[in-house]
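One is the number of the first residue; the rest follow in order along the sequence.
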Amino acid sequence: MDDLLREFLTETGESLDVVDVEVVKLEQDPNNRQVLSNIFRLVHTVKGTCGFLGLPRLEALAHAAENLFGMFRDGTLAVTPNSVTVILESLDRIKQILGVLETTEREPEGDDAALIARLDAIATAALAPIPATPSPATSSPAPPSPVTREPPMMPQRALKPGEVSLEALEAAFRAAPGPADLAAGAAPLLSDDEAAATAAHIPTEGPALPPARPATRPAAASAPAPAAAEAADTRPEGGVGTQSLRVSVDLLESLMTMVSELVLTRNQLLQMVRRQGESEFAVPLQRLSHVTSELQESVMKTRMQPIGNAWAKLPRVVRDLAHELGKKIELDMRGADRELVRQVLELIMYPVTQMVRISAVHG
């Protein structure tokens, strides 16, 4: 599989898992702007990446869902259980397409027009004007004259010293002679002396503009120093350093195996030094033993994951069961920050999900 496609599948899968949880949170708290912004950003990223990789089916679904999230964010559409249900169905459809894409390395054949139409219908219903109800009248009123609606004006802020209004700028622009007029002999609005006098009276309040950069740089400054270049490469835009790195599980397993062999060798050397009694290797070996123990502990931590990772899908499961069964179910998860080995989390994920399902059905 192409590395770019593999990276897309991994990142998109992680993003959709987060969106699943965040959409359930949004339904419970529709006014949470932070959750809504995070959802919109993730869905927008998925849509843009699909367009870049030439995945039209995924792009169309993500675009339709993004439209609804944009309306949620703008306040033109209220978050309702029906809209959330349709959005979750579209996310499930995207996951199904990603599953086939991971296996065949190409989008499956299919038509998502019905699901996209449902998403568009929710958006269209929110934009439809509300018909006005006619008030009863004793006599038939005269037909109203057509009224031209003008776009709402944006509130104007107070002008700072040296600024002019947009109306004054537009009037000056219309009154100024154009290049053709000047070529024909029209006089400019200001003479050279008046322009110089006007420039001398321009107020200097406010921050000064930075000096213009030189067009050419000296040869010594054309390339950054090695340390600066490395810093620029390892820090993304915004000045925040990278906090995480995706590593293959096979690489971690290989590293763990080598550390285990190192621990066995360390134990054999310690046993040999104990037999000899006083030895010049005692102090270096103690240091080696200490470093090996720290290395073993650090490698073990790389295999640990928060328990909350195994619970990430439970809010969506409980939400679907509550709507299906017509029950009001509240999910309370505690201790999500505690860590377990990844393999153990994978083993308990299915039993825990089934326990929650049984509790919801028979509770």
Side-chain angles (χ1 to χ4, degrees), residues 5 7-30 32-53 55-73 77-104 107-126 308-324 329 331 333 349-350 353 356-357 360:
L5 180 59
E7 188 73 15
F8 163 75
L9 292 173
T10 303
E11 292 184 355
T12 304
E14 294 176 355
S15 298
L16 292 179
D17 291 340
V18 175
V19 171
D20 255 348
V21 178
E22 297 288 86
V23 168
V24 177
K25 290 182 182 178
L26 181 65
E27 184 181 20
Q28 300 171 355
D29 186 9
N32 195 325
R33 306 296 300 178
Q34 182 178 1
V35 171
L36 185 54
S37 298
N38 188 31
I39 295 174
F40 184 84
R41 177 181 58 84
L42 292 174
V43 176
H44 179 74
T45 302
V46 172
K47 185 201 72 171
T49 310
C50 292
F52 174 75
L53 294 178
L55 304 173
R57 186 178 176 185
L58 287 173
E59 183 183 8
L61 282 170
H63 179 68
E66 183 193 18
N67 286 339
L68 287 186
F69 287 123
M71 299 179 69
F72 292 156
R73 187 182 60 175
L77 179 63
V79 180
T80 61
N82 179 44
S83 59
V84 171
T85 299
V86 179
I87 288 174
L88 291 176
E89 290 181 11
S90 65
L91 295 178
D92 291 339
R93 183 73 59 84
I94 293 176
K95 292 179 181 178
Q96 295 175 1
I97 298 175
L98 289 176
V100 178
L101 181 63
E102 184 177 7
T103 304
T104 63
E107 276 189 329
E109 299 293 337
D111 185 12
D112 306 310
L115 183 55
I116 295 176
R118 293 173 61 190
L119 292 170
D120 294 339
I122 297 175
T124 305
N309 291 352
W311 298 348
K313 298 182 179 180
L314 293 182
R316 167 72 187 281
V317 173
V318 171
R319 188 260 178 197
D320 292 344
L321 286 174
H323 283 263
E324 180 182 350
I329 307 175
L331 179 64
M333 300 185 295
M349 190 178 303
Y350 179 76
T353 304
V356 172
R357 288 180 178 273

*Tell me, please, which residues at least two apart from D120 pass salt bridge (charged side-chain N to carboxylate O under 4.0 Å, His left out).*
none
_According to salt bridge (charged side-chain N to carboxylate O under 4.0 Å, His left out), who are the partners of K25, at least two apart in sequence or on a separate chain?_
E22
*So which heavy atom on A312 is nearest to which on V21, and how close?*
O-CG2, 2.9 Å
_Residues in salt bridge (charged side-chain N to carboxylate O under 4.0 Å, His left out) contact with D320, at least two apart in sequence or another chain_ = R316
*Heavy-atom side-chain contact between L61 and I97 under 4.5 Å*: yes
*Say whether, by atom type as modelled, one donor and one acceptor occur between the side chain of R33 and the main chain of R73 under 3.5 angstrom.*
yes
*About how many Å separate CD of E89 and CG of D112, when rounded to the nearest 0.5 Å?*
12.0 Å
_Run the side-chain contact (heavy atoms from CB on, under 4.5 Å) test against A360 and tell me which residues pass, sequence neighbours left out._
L321, I329
*Hey, is the main chain of R41 close enough, under 3.5 Å, to the side chain of T45 for a donor-acceptor pair?*
yes
_Reported CG-to-OG1 distance for the pair L98 and T10, which is rounded to 0.5 angstrom_ = 10.5 Å
*asked:* Closer than 3.5 angstrom, by distance alone: can the side chain of E107 be matched with the main-chain N or O of L58 as a donor-acceptor pair?
replied: yes
*Could you tell me whether a side-chain N or O of R57 sits under 3.5 Å from a main-chain N or O of P108, the two making a donor and an acceptor?*
yes
_Audit row: L115, V86, side-chain contact (heavy atoms from CB on, under 4.5 Å) steps and yes/no_ = CA-CA 8 Å; L115 183 55; V86 179; 4.3 Å; yes
*How would you list, by chain and number, every residue that makes a side-chain contact (heavy atoms from CB on, under 4.5 Å) with Q96, sequence neighbours excluded?*
R93
_Could you measure the distance from the OG1 atom of T12 to the CD atom of E7? Nearest 0.5 Å is fine._
9.5 Å
*Do R319 and T85 have side-chain atoms, one donor and one acceptor, less than 3.5 Å apart?*
yes
*CG of L16 to CG of D92: how many Å apart, nearest 0.5 Å?*
9.5 Å
*asked:* Just so I know, are the side chains of F8 and L101 near enough to count as touching, which here means a heavy-atom distance under 4.5 Å?
replied: yes
_Does the plane of the ring in F69 sit parallel, tilted or perpendicular to the ring in F72? Use 30° and 60° as the thresholds._
perpendicular
*For the residue pair V43 and A62, what are the closest heavy atoms and their distance?*
CG1-O, 3.7 Å
_salt bridge (Lys or Arg N to Asp or Glu O under 4.0 Å), that's the test. Do D20 and K313 meet it? Break it down for me._
CA-CA 8 Å; D20 255 348; K313 298 182 179 180; over 6 Å; no
*Applying side-chain contact (heavy atoms from CB on, under 4.5 Å), run through N38 and V18 and close with a yes or a no.*
CA-CA 9 Å; N38 188 31; V18 175; 4.1 Å; yes
*Go through the structure and list residues passing salt bridge (charged side-chain N to carboxylate O under 4.0 Å, His left out) with E11, not counting sequence neighbours.*
none
*Is any side-chain N of the basic residue among E66 and K47 closer than 4.0 Å to the acidic one's carboxylate O?*
yes
*How long is the span from the CZ atom in R118 to the CG atom in L68, to the nearest 0.5 Å?*
11.5 Å
*Report the distance from atom CD1 of I122 to atom OG1 of T80, rounding to the nearest 0.5 Å.*
6.5 Å
